[in-house]
Asks: 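Got a structure here, written out as structure tokens. Questions coming.
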Amino acid sequence: MCGRFASFTDAQDLADELAVAEIADDARLLGPRWNVAPTDPVRIVVERPRREPLPDGGTTAGEITRTLQVARWGLVPSWAKDPGIGARMINARRETLLEKSAFAKPLGVRRCLVPADGYYEWRRLEAPPGTRRTPKQAYWIRPADGEVAAFAGLYEFWRDRTRADDDPDRWLVSTTVITTAAADGLERIHDRMPVALPRQAWDAWLDPSVDAEHASALLENPSAPMHTRPIGPRVGNVRFDDEGLIDPDPEPRDPEPVLL
């Protein structure tokens, strides 16, 4: 799974890297994060028709535009009774996307990219003799080329029926990160990893005219090579959110660190 990641690249730099035409105000104002946790606001890249104003005060669908927006991490299905379910839906397994009602529809019509500078994972180690507690080694995992990773994601809209129609907070936008079986040595750390789409797949993944079947096929392409680094345990506490979290662990617990 992917339960923590970092997103500290400036919004404008992300827009330049991901060919984003418009940056929403909340996405521009969202500060750098080194310890993004479930239910936190995150930036996502989507392609949707721009809303054009009409003379009567209404709006109509205009040109499809790639934008950088903010969503809450943890997908809340449109049919959910309350948004609490999102905390359990931060990830969506690639292998069962079409089988799960919460993910099947978004796969066909609401796909996004979740930009990240890297993510964190914990490797389970052997317990010392005479103890029951299993020690873990935290790892920082990022693209080997140093570029931003574009995680394949889905997003959804949830309407809060307790709020008035003119309440700007009546709609919640949420997102999930798609994961797949770990490969290229990462399976030594954890059996799952987020799908980091290669650049050549971005346009098709975001294109709303691409159906679920063809979109699913894009997830089968291998991710770009990743670099791994054992880091200290502070990342396990959401109260810590600083650039020191990705510093190398001078004394790793892992007796055989995974260095890719």
Asks: Count the heavy atoms of every other residue, nucleotide or ligand shown that sit under 6.0 Å from CG of Asp25, and state whether that count exceeds 12.
Replies: no
Asks: Using the side-chain contact (heavy atoms from CB on, under 4.5 Å) rule, take Thr180 and Leu219 through it: C-alpha gap first, then chi angles, then the decisive distance, then the call.
Replies: CA-CA 9 Å; Thr180 189; Leu219 302 172; over 6 Å; no
Asks: Go through it in stages, so that I can follow the logic: the residues are Arg192 and Glu121, the test is side-chain contact (heavy atoms from CB on, under 4.5 Å), and I'd like the CA-CA distance, side-chain angles, deciding distance and then a yes or no.
Replies: CA-CA 9 Å; Arg192 305 292 295 179; Glu121 198 53 86; 6.0 Å; no
Asks: Is the closest side-chain heavy-atom distance between Arg28 and Leu68 below 4.5 Å?
Replies: no
Asks: Crowded around His227 NE2? As in, over 12 foreign heavy atoms under 6.0 Å?
Replies: yes
Asks: Any salt bridge between Asp203 and Arg66, counting N to O under 4.0 Å?
Replies: yes
Asks: To the nearest 0.5 Å, what is the distance between CD1 on Ile178 and CG on Leu154?
Replies: 4.0 Å
Asks: Run through Arg123, Lys136, Gln137 and flag the one making a side-chain hydrogen bond (donor to acceptor under 3.5 Å, both in side chains) with Asp254.
Replies: Arg123
Asks: Verify whether one side chain among Gln69 and Thr67 offers a donor that lies under 3.5 Å from an acceptor in the other.
Replies: yes
Asks: Please test Gln12 against Ile23 for side-chain contact (heavy atoms from CB on, under 4.5 Å), starting from the C-alpha separation and ending with a verdict.
Replies: CA-CA 8 Å; Gln12 186 58 59; Ile23 305 175; 3.6 Å; yes
Asks: Heavy atoms, side chains only, cut-off 4.5 Å: are Ile246 and Arg229 in contact?
Replies: yes
Asks: Check the surroundings of atom CZ in Arg124: do more than 12 heavy atoms from other residues, nucleotides or ligands lie under 6.0 Å from it?
Replies: no
Asks: Using atom types as modelled and distance alone, determine if a side-chain donor or acceptor of Arg111 lies under 3.5 Å from a backbone N or O of Val210.
Replies: yes
Asks: Only one of Trp73, Tyr120, Trp140 forms a ring-ring contact (aromatic ring centres under 6.0 Å, His included) with Phe5, so which one is it?
Replies: Trp73
Asks: Taking the side chain as every heavy atom from C-beta outward, state whether Arg72 and Pro83 have any atom pair closer than 4.5 Å.
Replies: yes
Asks: With rounding to the nearest 0.5 Å, note down the distance linking CG in Leu113 to CG in Leu18.
Replies: 6.5 Å
Asks: Taking it one step at a time, do Cys112 and Thr175 satisfy side-chain contact (heavy atoms from CB on, under 4.5 Å)?
Replies: CA-CA 8 Å; Cys112 65; Thr175 189; 3.5 Å; yes
Asks: For Arg234, run the side-chain hydrogen bond (donor to acceptor under 3.5 Å, both in side chains) check against Asp242, Asn35, Asp241, Asp247 and tell me which one passes.
Replies: Asp242
Asks: Does a salt bridge link Asp117 with Arg142, judged by any charged N lying under 4.0 Å from a carboxylate O?
Replies: no
Asks: What's the separation between atom OH in Tyr139 and atom NE2 in His190, rounded to the nearest 0.5 Å?
Replies: 13.5 Å
Asks: Hey, could you give me the CZ/CZ distance between Phe103 and Arg93, rounded to the nearest 0.5 Å?
Replies: 11.0 Å
Asks: Have a look at Leu75 and tell me which of Asn91, Ile85, Thr176, Ile90 forms a side-chain contact (heavy atoms from CB on, under 4.5 Å) with it.
Replies: Thr176
Asks: Say you draw a straight line from CG of Asp184 to CG of Leu260; how long is it, rounded to the nearest 0.5 Å?
Replies: 8.5 Å
